[in-house]
Amino acid sequence: MNMKSSRKVTSIPQEIIFEIFSLLPIKSLMRFRCISKVYNSLVSETDFVSIHQSRSMTRTGGIKLLAREREGFYTIEQNEDGEASLLHIEYLDVLDDYIGSRNLFECVNGLLCFSTWHQPAIIINPSTREIRFLPKIDVNRYCYCSLGYEPEEKIYKVLYTRFETLESHARNWVFTLGIDKSWREVESVFLFPRLNEGVCINGVIYMLDAFCQRKRIVAFDVKAESFRTITLPCALPHGVDSCHLIEVKGKLAVLENMTDENFNLWILGNGQLQIWERDTITSSPGFPRMNFCSHAHDEEIIFVAEVEGDKFTYFSYDITTKSWRKCEVQGSQREYSIKGIYRCVENLYPLEKCLVNAR
């Protein structure tokens with residue numbers, strides 16, 4: 001027998017490697033990128049990034065819960081018995097100046113957008129541990145950024161809004177990640193001071209107008225880079241101060257806090273008629289007071305309850321089954337101040353395509 005022929009190595013077809021890699025966690029893929037140029041090129045392809053993220057939506061471990069706290073960021077490690085623990089994300093400690101400031105924080109497709117009134121916006125990919133500072137732009141007291149994703153072209157854009165004064169129209173700029181080198185000014189017609197964090201659904205960023213008397217939502221189309229307005233349900237008895245914009249089954253929804261135990265869920269129907277459908281969410285007797293709705297995805301809404309000593313509790317509400325799930329999170333020996341909990345899907349999008357560091 002020819003020993004050389006018996007040692008011949010059969011190469012694995014590219015399409016099979018593609019399928020196997022698309023099912024792996026990003027931590028493993030980062031190691032494979034260092035093995036060969038072929039693997040590195042495959043993992044960086046736009047189509048592969050998109051398919052991997054789509055499969056991470058259902059893959060075990062593909063979605064993690066991220067908690068934003070006044071002193072840092074943590075991942076929430078859940079157990080099957082309903083208990084969980086916090087794991088500090090040390091590499092995000094460089095954002096201490098942002099955490100302590102008045103800011104807006106948004107999570108879109110696993111990418112994080114962090115902005116304040118006084119510093120340039122930051123884009124973070126927690127899966128690849130990349131952090132990028134976007135170019136500075138003239139700032140004053142009234143400004144903020146929003147992150148949007150356009151699914152058809154698979155691009156991310158950051159919307160920057162600045163107010164000269166609260167009596168004038170806002171000026172708006174856009175920065176396309178991986179393409180733009182500087183901000184581009186776009187349509188500047190609406191005056192809409194933000195009330196809280198926005199939500200991006202199917203290529204549209206929705207933002208709640210802070211002026212209660214207007215009762216409207218401002219929508220920014222990421223692809224067309226244009227604005228429109230949506231009228232809030234006229235039946236809101238508590239105004240917009242008690243509302244949160246969330247996504248429910250791919251649709252825009254408004255969660256209205258009626259009392260400590262009751263919430264109205266308004267879901268916007270399809271079409272141009274802007275018809276809102278209302279549902280009522282009632283918590284179980286004995287539940288602690290809900291501080292705020294933290295995040296929603298598809299059929300689950302996360303509520304954060306009051307902190308009790310060195311641990312806090314959050315509740316997940318299943319919209320379809322109308323059932324609640326309780327989870328207690330144990331931390332270190334100090335009191336926590338949770339600002340939000342977010343579902344982060346693993347995302348391979350390379351922030352190295354953006355400016356290396358434009359701060």
Side-chain angles (χ1 to χ4, degrees), residues 26 30 33 37 40-50 52-53 91-92 94-95 97-98 101 103-164 169-190 192 194 197-198 200 203-205 207 218-227 347-359:
I26 285 183
M30 292 297 99
R33 289 184 62 178
K37 293 181 179 180
N40 181 60
S41 176
L42 171 63
V43 172
S44 303
E45 289 180 2
T46 301
D47 289 342
F48 179 82
V49 171
S50 179
H52 180 270
Q53 184 185 36
Y91 73 91
L92 290 181
V94 297
L95 306 180
D97 292 340
Y98 283 72
S101 306
N103 54 66
L104 288 174
F105 180 83
E106 296 178 351
C107 178
V108 178
N109 281 1
L111 296 188
L112 313 179
C113 180
F114 208 31
S115 62
T116 76
W117 282 349
H118 309 293
Q119 301 183 69
I122 297 177
I123 304 297
I124 306 166
N125 187 337
S127 299
T128 60
R129 296 194 172 191
E130 291 180 279
I131 301 175
R132 292 294 181 267
F133 294 84
L134 297 188
K136 283 186 177 180
I137 193 168
D138 292 337
V139 298
N140 61 17
R141 185 180 178 187
Y142 309 109
C143 59
Y144 50 76
C145 290
S146 296
L147 178 62
Y149 176 71
E150 207 294 303
E152 292 183 5
E153 298 184 1
K154 299 180 177 61
I155 57 174
Y156 293 88
K157 294 183 180 180
V158 181
L159 172 67
Y160 176 90
T161 300
R162 187 183 78 194
F163 304 96
E164 306 302 326
H169 284 193
R171 297 180 64 183
N172 303 286
W173 290 263
V174 166
F175 187 94
T176 304
L177 300 187
I179 297 177
D180 289 337
K181 300 300 181 182
S182 59
W183 294 91
R184 296 178 289 103
E185 188 164 6
V186 295
E187 181 182 6
S188 300
V189 293
F190 290 105
F192 56 101
R194 290 276 296 279
E197 296 167 354
C200 182
V204 179
I205 301 174
M207 299 159 284
V218 176
F220 177 74
D221 188 298
V222 176
K223 183 177 182 178
E225 298 184 356
S226 60
F227 293 90
N347 191 338
L348 277 165
Y349 183 84
L351 293 185
E352 62 204 26
K353 291 183 179 180
C354 305
L355 296 182
V356 174
N357 194 336
R359 184 167 58 171

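Position 1 is the first residue of the sequence; numbering continues from there. Atom set for the values below is all heavy atoms of this structure, side chains included, hydrogens, waters and symmetry mates excluded.
Between the side chain of Tyr149 and the backbone N or O of Val222 there is no donor-acceptor pair closer than 3.5 Å. Asn172 places no side-chain N or O within 3.5 Å of a backbone atom of Val186 that could act as its donor or acceptor partner. A donor-acceptor pair is defined here as one N or O able to donate and one able to accept, closer than 3.5 Å; no such pair exists between the side chain of Asn109 and the backbone of Leu111. When atom types are taken as modelled, the side chain of Glu106 and the backbone of Gly198 share a donor-acceptor pair closer than 3.5 angstrom. Glu45 places no side-chain N or O within 3.5 Å of a backbone atom of Phe48 that could act as its donor or acceptor partner.
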What's the verdict on side chain to side chain contact (heavy atoms under 4.5 Å, CB included) for Leu159 and Phe227, showing C-alpha distance, side-chain angles and the deciding distance? CA-CA 11 Å; Leu159 172 67; Phe227 293 90; 4.1 Å; yes

Step-by-step side chain to side chain contact (heavy atoms under 4.5 Å, CB included) determination, Tyr156 to Asn347: CA-CA 12 Å; Tyr156 293 88; Asn347 191 338; 2.9 Å; yes

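With sequence neighbours excluded, no residue satisfies salt bridge (Lys or Arg N to Asp or Glu O under 4.0 Å) with Arg129.
Contact of the Ile122 side chain with the Ile131 side chain is registered, since non-hydrogen atoms from C-beta on lie closer than 4.5 Å.
Considering CZ of Phe105 and CG of Leu147, their distance stands at 10.5 Å, rounded to 0.5 Å. In this structure, the separation between CD1 on Ile26 and CZ on Arg33 is 10.0 Å, given to the nearest 0.5 Å. Atoms SG and CZ, from Cys145 and Arg162 in turn, are 12.0 Å apart once rounded to the nearest 0.5 Å. With rounding to the nearest 0.5 angstrom, the CG atom of Leu112 is 8.0 Å from the CG atom of Asn125. A distance of 7.5 Å separates NZ of Lys157 from CD of Glu150, quoted to the nearest 0.5 Å. Note that CH2 of Trp173 and OG1 of Thr161 are 9.0 Å apart. Values are rounded to the nearest 0.5 Å.
Of all heavy-atom pairs spanning Glu225 and Glu187, the tightest one is O-OE1, 4.4 Å. Of all heavy-atom pairs between Cys113 and Ser146, the closest is SG-C, 4.5 Å. Taking every heavy atom of both residues into account, Leu177 and Tyr349 meet most closely at O-OH, 3.1 Å. Of all the heavy atoms in Val49 and Leu348, the pair that sits closest is CG2-CB, 3.9 Å. Listed here is the closest heavy atom pair of Lys181 and Phe175: C-CE1, 3.8 Å. A pairwise comparison of heavy atoms in Pro350 and Glu130 identifies CA-OE1, 3.7 Å as the closest pair.
Under the 4.0 Å criterion applied to side-chain N and carboxylate O atoms, Glu185 and Arg171 are assigned as salt-bridge partners.
Ring geometry for Tyr160 versus Trp183: interplanar angle of 30 to 60°, hence tilted.
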